2 protein chains.
Amino acid sequence: MEQQVRQQRCPTLKDVSAQAGVSIKTVSRVVNGETNVTPALAERVRAAVDSLGYAPDPLASRLRRGRGPIGAVAVVVEDVANPFSAVMHRAVVDAMAARNVVTLSASYDKDPGGERAAVLAFAGRRVDGVILMPTTADHQWLDRLRETGTQIVLVDRPVAGLQTDVVMSDHRAAARRATIHLLRHGHRRIGFLADAPDVHTAAERLAGFDEALRAAAVAARDGLVHEELLGTGEAEQAAIDLLTGEDPPTALLAGQNLLTIGAVRALRRLNLHHRIALVGIDDIPLADLLDPGITVVAQEPERIGALAAQQLLGRIAGDHTPATPHLVPTQLIPRGSGEIPGPFLNAANTPEVSAVEQSQPHF
Amino acid sequence: MEQQVRQQRCPTLKDVSAQAGVSIKTVSRVVNGETNVTPALAERVRAAVDSLGYAPDPLASRLRRGRGPIGAVAVVVEDVANPFSAVMHRAVVDAMAARNVVTLSASYDKDPGGERAAVLAFAGRRVDGVILMPTTADHQWLDRLRETGTQIVLVDRPVAGLQTDVVMSDHRAAARRATIHLLRHGHRRIGFLADAPDVHTAAERLAGFDEALRAAAVAARDGLVHEELLGTGEAEQAAIDLLTGEDPPTALLAGQNLLTIGAVRALRRLNLHHRIALVGIDDIPLADLLDPGITVVAQEPERIGALAAQQLLGRIAGDHTPATPHLVPTQLIPRGSGEIPGPFLNAANTPEVSAVEQSQPHF
DNA sequence: CTGAAAGCGCTAACAT
DNA sequence: ATGTTAGCGCTTTCAG
């Protein structure tokens, strides 16, 4: 027996108008809630709509209507499951929902091709704007996209050579802050776990680390920096290598939430979690329940999301002021792991350290 | 000074054809990679496309082409940031990417209206199908949506009265398993933290809990079950109430990942984490790094996502076999918290308990 | 091989 | 207050 049709044509305006015995435009008016329709007719139309299960085709509508907001934006991030992205995403959803805008999203998961595909898919579907956490790769196509009217706001990091709105933490200050915290607690040999340096975020954080060391006149970071770490597993291995090598560090600084988790795992395995200090950049869930609690420099993802949403809505509404980077401050949260004392505890409060700590965010 | 135009019309086929000096259709052919175009012409067209930055409008294309897959699906869940949803989502993205399908997504965050809005937004944007984690509310509109050709696969829980594909864990068996584990370790008074019972998931888990207790001839759950718990905070409070009340339980069973975290917090605050047993349903990140490690009955979100994706792709490709529920087994992972002994440790290996444990998943 | 015409579902601009 | 016409950007159908 042959399979029956799946060619289940959805009803169109024309179908409804035939059923209701009115013109196509009258139906359109009723559906769009325009005035100037006799209640009796409107009722008849409504009945036909219901009986046929008619739903307007927003794409055809948009096609004819031409440009203009359509009430949908998209969030495109590396991984919506990452705690940072998740909270940021949630803030965007909330801000948009309050204005009756739906928020769609996509993860590209380390694949720059996926990033492009996702953004273009959304743009093709005519979202009003995109909040994008960009990868490091080429973004020529972004420029072109903007020319076609899709608004873009970047989060977490800028794109080199692209003048766009961007909302992000002051990554450099965050790393500086974390480093100073460790210096103050008497550490001089600090291992740094970082991801790929071609990501702006990572580069900034490394720069902050170096700045703080230099200002405190602490020389060597040689051999203490592991870059290109791709995830929890690699960070764990890198930390183990550092701690079991020659002249190991007395403290660890993890450049990102996933790397922090790797560091925690490594310290556990070596049973050093009460002896080696650890500060993570980015907060991690349950950090306060671990033993010791994990000291972090936390970003404010909800604030970043809210600001990005606000900025995007402004652009969609026609704001044409020049693109501005927007830096959101970070906050150090001491929970125990970062306060484990190092060998130089007494010498720690050097003027240099204090001086750096008071330095303002760079703009 | 007046703001300059933003009316930056995107180039159309017509623009390209004018620039290249060919007909509109020829451009269309080149863009769509059809054969039967003279290389010379094709080259001219390609040049024009590049110089104008032309990008085809997939919506207009779809409008004319009529129905047919478009290479995009959507995942709509309560909260993409929930660890379960996040991993499931990721599995879908991977499965789809392998077939060159982009995956869009949305969270509705406890708001059934948001759920509907998101699904309809995607459907309106003509995704080929939707993977949906449904709320408990009415889903009439889902039926109608399917009539218009949007394929739907449910995950994590079914919708009452709706015959659709659904991929989910055997929640009842999971709860039974967890309960038996605690019984076997000598617990008879087990506190159960559950969320809203009108969510199928929660109801099934409570049923599994009851089944195990009944089979083991353990009477009272009276006063030991807290339902309607909405999140970590409420679960923490409920656990504290249980443990500081009259005749407190010697073990806790948490019906869901967020509730498990609440339970952990409560035990910490009361300093009972080494004396009161805890088993969570759903795995939680870092569960192994806590002290004690958290024993859980873990789902397999990656498998659920992969199966849902496969099922959806099948439907999109025209599979018309009847809708089938698909149960994915769960797995108990002992990590310490669930093995804290209770007062009845010696009497634990009753035949009843063993009998239940061997019962098969219900289908 | 290439092009002209018709129309997908909808709405803006005019009629009536 | 309602209907008619034209056309959004594209592809199909059918002629050249």
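Keep in mind it's a predicted model, so treat the numbers as computed, not measured. In the text below, chain A, chain B and the rest are named by the order of the sequence lines, each starting its count at 1.
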Pair A:Arg157-A:Met133, side-chain contact (heavy atoms from CB on, under 4.5 Å): steps then yes or no
CA-CA 7 Å; A:Arg157 47 220 192 203; A:Met133 181 186 293; 3.7 Å; yes
Check step by step if side-chain contact (heavy atoms from CB on, under 4.5 Å) holds for B:Val27 and B:Lys14. CA-CA 9 Å; B:Val27 180; B:Lys14 195 157 66 174; over 6 Å; no
TODO: Begin with the C-alpha distance, continue with both residues' side-chain angles, and end with the deciding distance and a verdict on side-chain hydrogen bond (donor to acceptor under 3.5 Å, both in side chains) for A:Ser105 and B:Ser105.
DONE: CA-CA 5 Å; A:Ser105 64; B:Ser105 63; 2.6 Å; yes
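Of the possible donor and acceptor atoms, one in the side chain of B:Asp15 sits under 3.5 Å from a partner among the backbone N and O of B:Thr12. Judged by distance alone, the side chain of A:Arg90 and the main-chain N or O of A:Ser85 form no donor-acceptor pair under 3.5 Å.
For the atom pair CD of A:Gln311 and CD1 of A:Ile316, the computed distance is 11.0 Å after rounding to the nearest 0.5 Å.
Not one side-chain nitrogen or oxygen of A:Ser61 sits closer than 4.0 Å to the OP1 or OP2 atom of C:dG9. Between D:dG3 and A:Thr26, a contact under 4.0 Å exists linking OP1 or OP2 to a side-chain N or O. A close approach under 4.0 Å does occur between a side-chain nitrogen or oxygen of A:Ser23 and OP1 or OP2 of D:dG3.
Rounded to whole Å, atom C1' of D:dG9 lies 10 Å from atom CG of B:Asp15. Distance B:Leu63 CG to D:dT11 P: 11 Å, rounded to the nearest Å. Separating the NZ atom of B:Lys14 from the P atom of D:dG7 is a distance of 9 Å, rounded to the nearest angstrom.
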Sort me out a list of protein N/O and nucleotides 12-16 of chain D N/O pairs below 3.5 Å, or just none if empty.
none

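Comparing the axis of the opening five pairs of the helix from C:dC1-D:dG16 to C:dT16-D:dA1 with that of the closing five pairs yields an angle of 40°, rounded to 10°.
Around the NE2 atom of B:His326, the shell of radius 6.0 Å holds no more than 12 heavy atoms that belong to other residues, nucleotides or ligands.
A side-chain contact (heavy atoms from CB on, under 4.5 Å) with A:Ile131 holds for exactly one of A:Ile304, A:Asp165, A:Val92; it is A:Val92. Results of the side-chain contact (heavy atoms from CB on, under 4.5 Å) test with A:Thr164 over A:Ile152, A:Thr324, A:Val153 single out A:Ile152 as the only residue that passes.
Between B:Leu41 and A:Ile24, it is B:Leu41 whose nearest contact on DNA chain C lies nearer the 5' terminus.
Closest contact between the side chain of A:Asp57 and the listed nucleotides D:dC10, D:dG3, C:dG9 involves C:dG9.
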